[in-house]
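Just follow the structure's listing: the first ligand is 1, and inside any ligand the first atom is 1. The shown structure was predicted, so the numbers you read here are calculated from the model rather than taken from an experiment.
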Amino acid sequence: MSQTKETSPPSTTREPRQIDALIVGAGFGGMFMLHRLRGLGLTCQVVEAGTGVGGTWYWNRYPGARCDTESMQYSYSFSPELQQEWSWTERYAPQPEILRYANHVADRFDLRRDIRFETRVVSAHFDANANRWTVTTDKGDRISARYCVMATGCLSNARLPDIKGRDSFQGATYHTGHWPHEGVDLSGKRVGVIGTGSSAIQAIPVIAEAAAHLFVFQRTPNYSIPARNGPMTREYEHTWKADYEQRRAQARMTRNGILANFNDQSALEVPETTRRRNYESRWVTGGTTFMASYNDLITSKAANDTAAEFVREQIRALVKDAKVAELLAPKDYPIGTKRICADTLYFETYNRDNVTLVDLRSSPIEEITATGIRTADHSTDLDAIVFATGFDAMTGTLLKIDIRGRDGAKLSDKWEAGPRTYLGLMCAEFPNMFMITGPGSPSVLSNMMVSIEQHVDWITDCLAHMGSRQMSVIEPTQKAEDDWVAHVNEVASKTLYPSAASWYMGANIPGKPRVFMPYIGGVGRYRKHCEEVAAKGYEGFMMAGGRSVAA
Ligand code: NAP
């Protein structure tokens, strides 16, 4: 189905290199997209900023980094051979193992020959006369592609907070999302960690083992469930592999793409003793699927309170110093409305003599100085500062690229008041530009592997459909986009999510619009909807075969 005869790849010539599909990013989304589009016979180029594949697992190498979705579920399902042959060593795979897996996939499917590493896309402009995207990179490449697929990841734009004096610190500084590849030796050092989100909660117990003293600068405490990680048993692996196809199929139709023993009962319809037994049993089993204990934990405050209070009780039991325990127990937002965490000995770490919790609520950071961090009532001397301060999530990486659609429309203008998409897959005015796990799709609320595969397969089917009908341009209608945005907002408004100042809401970035960005309607429901859209001839999309798209 190749529509473009590929030209050789000179990097700085005037004539752009002509290909069918340009894919931005070589994480799990970009790699699979490349594999699928090659299967359609398209000429493809992936552009990747890192020196290797793996996306988020390439960049996030901080101590303790691991996935908190179980290994047997956090992997590709598209190749029965791959999923049967690959063996995970732990219940939750550590980052180096996931990166090995990504590299294995790249080798096995011979992906590297179409990936240009150490190169960043800086602009993507749509030419409505040619119906092609012209993409430029920081290496001077100009590439002309019929389709542009943004596989840029949801959490790929690491964010350093604007704290006064941030760059004056004379010691070492690190961001968890940009951890040095050669590793960092923190042994014997006085280390400050700013932040207590998922990354910090994984890193803190490991850093505490090495550091002379660890100071944790906490603004908002987080709910965390013990991961109960451990070695993968051959029996457990076997039960999955013996039934993989069916389990994968079931997972695709769940609420968040994870088989999680979801209890479809209200927390309020069972007696307190039953509820407690359920929470206790899930606490012992461990993992973020604690939120699957009842069906109304994210819709009913009263139901949510029962789970939140249970977790607070566990924190109080784990942390010996009652004052510290109280500071670590979240109270001002419902459990699950900021991303719930899974940990290994996180709360217990605060019982160590070499760990101090610094409460920024009572004494905010005023300044980073040459020697450490000064809060309103204390100065702490440090050798190293670890920023575990998160990401400009979901939109940040896309908006760093100068993306212009029809008539020069800028994506940054279109999304000024928050992201607007149809199905999280495409935007009106931006023909032939697809997003993998874009805002408006379940994305970060789901098992990313499941959502990535669903998007990649949908895009592939869509391009095959277009190819078979001599169509070469696709764009959502404005109405379809408006209706979808309204639906995404409506569904979110029926949950407790908007009540928390989370990165889902853009609340971690000063000035970012407060809009709930992912789609909370559920992975299974969303998949069905996308399938129906396709079955109805790509309802809500305009397709054209010529050189222009009808508005
Ligand atoms: P995050 O959840 O956004 O946490 C950032 C932390 O930094 C928060 O505690 C935040 O406090 C704090 N912070 C930010 N600016 C600050 C400032 N100026 N002063 C003091 N504190 C500040 O980021 P993350 O931990 O990197 O996690 C991001 C997401 O990545 C997760 O939610 C998850 O989706 C994903 N992730 C997944 C895994 C996994 O699968 N295991 C692991 C790590 C990350 P406030 O809350 O007060 O803003």
Side-chain angles (χ1 to χ4, degrees), residues 28 55-57 59-71 73-74 90-95 98 153-166 174-179 192-204 206 215-225 227 229 256 258 287-289 328 330 332-333 336-344 346 357-361 363-368 373 375-376 385-394 396 437 443-449 451 500-510 512 517-518:
F28 284 121
T56 198
W57 301 105
W59 297 104
N60 286 270
R61 299 172 187 235
Y62 58 85
R66 66 176 68 246
C67 186
D68 57 19
T69 299
E70 284 197 13
S71 315
Q73 305 205 49
Y74 192 85
E90 296 179 58
R91 178 180 178 190
Y92 298 101
Q95 174 271 336
I98 304 175
C154 295
L155 295 157
S156 47
N157 191 7
R159 176 188 164 265
L160 284 171
D162 294 323
I163 298 173
K164 185 178 160 203
R166 191 189 70 204
Y174 309 98
H175 191 290
T176 47
H178 266 289
W179 203 258
V193 171
I194 302 180
T196 47
S198 301
S199 303
I201 279 177
Q202 291 185 332
I204 282 165
V206 185
F215 298 87
V216 178
F217 293 84
Q218 172 186 274
R219 192 163 62 185
T220 310
N222 247 300
Y223 296 94
S224 186
I225 312 297
N229 187 33
N256 59 2
I258 301 174
T288 57
T289 54
L328 288 168
D332 56 3
Y333 62 96
T337 54
K338 272 162 110 71
R339 167 67 150 68
I340 194 159
C341 305
D343 70 274
T344 298
Y346 173 65
L357 181 67
V358 182
D359 173 33
L360 300 180
R361 286 265 169 92
S363 178
I365 295 178
E366 294 208 325
E367 191 179 4
I368 294 179
I373 296 177
T375 63
I385 298 177
V386 174
F387 291 93
T389 45
F391 302 85
D392 185 351
M394 305 210 69
T437 64
S443 59
V444 290
L445 298 174
S446 69
N447 177 349
M448 288 302 280
M449 296 301 275
S451 289
S502 68
W503 60 255
Y504 297 134
M505 296 286 298
N508 63 328
I509 305 293
K512 191 165 173 171
M517 294 183 284

- Query: Is the His178 ring parallel, tilted or perpendicular to the His175 ring (thresholds 30°, 60°)?
  - Reply: perpendicular
- Item | Whether Tyr223 and Tyr333 hold their rings parallel, tilted or perpendicular, with breakpoints at 30° and 60° | perpendicular
Check [X] against ligand 1 and report side chain, backbone, both or neither, counting heavy atoms closer than 4.0 Å.
X: Thr69; value: neither
X: Thr389; value: both
X: Phe391; value: side chain

Nearest to [atom], what protein heavy atom do you find, and at what distance?
atom: atom 28 (C) of ligand 1; answer: Trp503 NE1, 3.8 Å
atom: atom 47 (O) of ligand 1; answer: Thr220 OG1, 2.4 Å
atom: atom 19 (N) of ligand 1; answer: Arg219 NH1, 3.7 Å
atom: atom 21 (N) of ligand 1; answer: Ile194 CG2, 3.7 Å
atom: atom 9 (O) of ligand 1; answer: Thr196 N, 2.9 Å
atom: atom 37 (C) of ligand 1; answer: Arg339 NH2, 3.8 Å

- Task: Test Arg361 against Thr220 for side chain to side chain contact (heavy atoms under 4.5 Å, CB included), laying out the working first.
- Result: CA-CA 8 Å; Arg361 286 265 169 92; Thr220 310; 3.4 Å; yes
If the cut-off is 4.0 Å to any non-hydrogen atom of [X], which atoms of ligand 1 fall inside it?
X: Asp68; result: 39 (C), 40 (O), 41 (N)
X: Pro161; result: 18 (N)
X: Arg66; result: 39 (C), 40 (O), 41 (N)
X: Ser198; result: 25 (O), 31 (C), 32 (O), 33 (C), 36 (N), 42 (C), 43 (C), 44 (C)
X: Arg159; result: 14 (C), 15 (N)
X: Ser199; result: 24 (P), 25 (O), 26 (O), 27 (O), 43 (C), 44 (C)
X: Gly195; result: 6 (C), 7 (O), 9 (O), 12 (C)
X: Leu360; result: 20 (C)

- Is Asn222 close to ligand 1, meaning an N/O of one under 3.5 Å from an N/O of the other? no
- Does any N/O atom on Thr176 come nearer than 3.5 Å to any N/O atom on ligand 1? no
- Item | Min heavy-atom dist Lys338 to ligand 1 below 4.0 Å | yes
- Message: I'd like to know if Leu155 contacts ligand 1, where contact means a heavy-atom distance under 4.0 Å to any ligand atom.
- Response: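 The answer is yes, since Leu155 has a heavy atom less than 4.0 Å from ligand 1.
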- Item | Arg61: partners by salt bridge (charged side-chain N to carboxylate O under 4.0 Å, His left out), with sequence neighbours left out | none
Might you point out which heavy atoms bring [X] and [Y] nearest each other, and give the distance in Å?
X: Asn447; Y: Gln73; value: ND2-O, 2.9 Å
X: Pro221; Y: Thr196; value: CA-OG1, 4.4 Å
X: Phe391; Y: Asn508; value: O-ND2, 2.8 Å
X: Ala388; Y: Ala200; value: CB-CB, 3.6 Å

- Item | side chain to side chain contact (heavy atoms under 4.5 Å, CB included) evaluation trace for Ile373 with Ile163 | CA-CA 10 Å; Ile373 296 177; Ile163 298 173; over 6 Å; no
- Task: Mind checking side chain to side chain contact (heavy atoms under 4.5 Å, CB included) for Ile509 and listing every partner two or more places apart, or none if nothing turns up?
- Result: Arg159, Asp392, Lys512
- Query: Any idea which of Ala388, Ala393, Gly197, Gly390 brings a heavy atom closest to atom 7 (O) of ligand 1?
  - Reply: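 Heavy atom nearest to atom 7 (O) of ligand 1 belongs to Ala388.
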- Note on the structure: atom 42 (C) of ligand 1: of Tyr92, Trp57, Tyr62, Tyr504, the nearest heavy atom sits on Tyr62
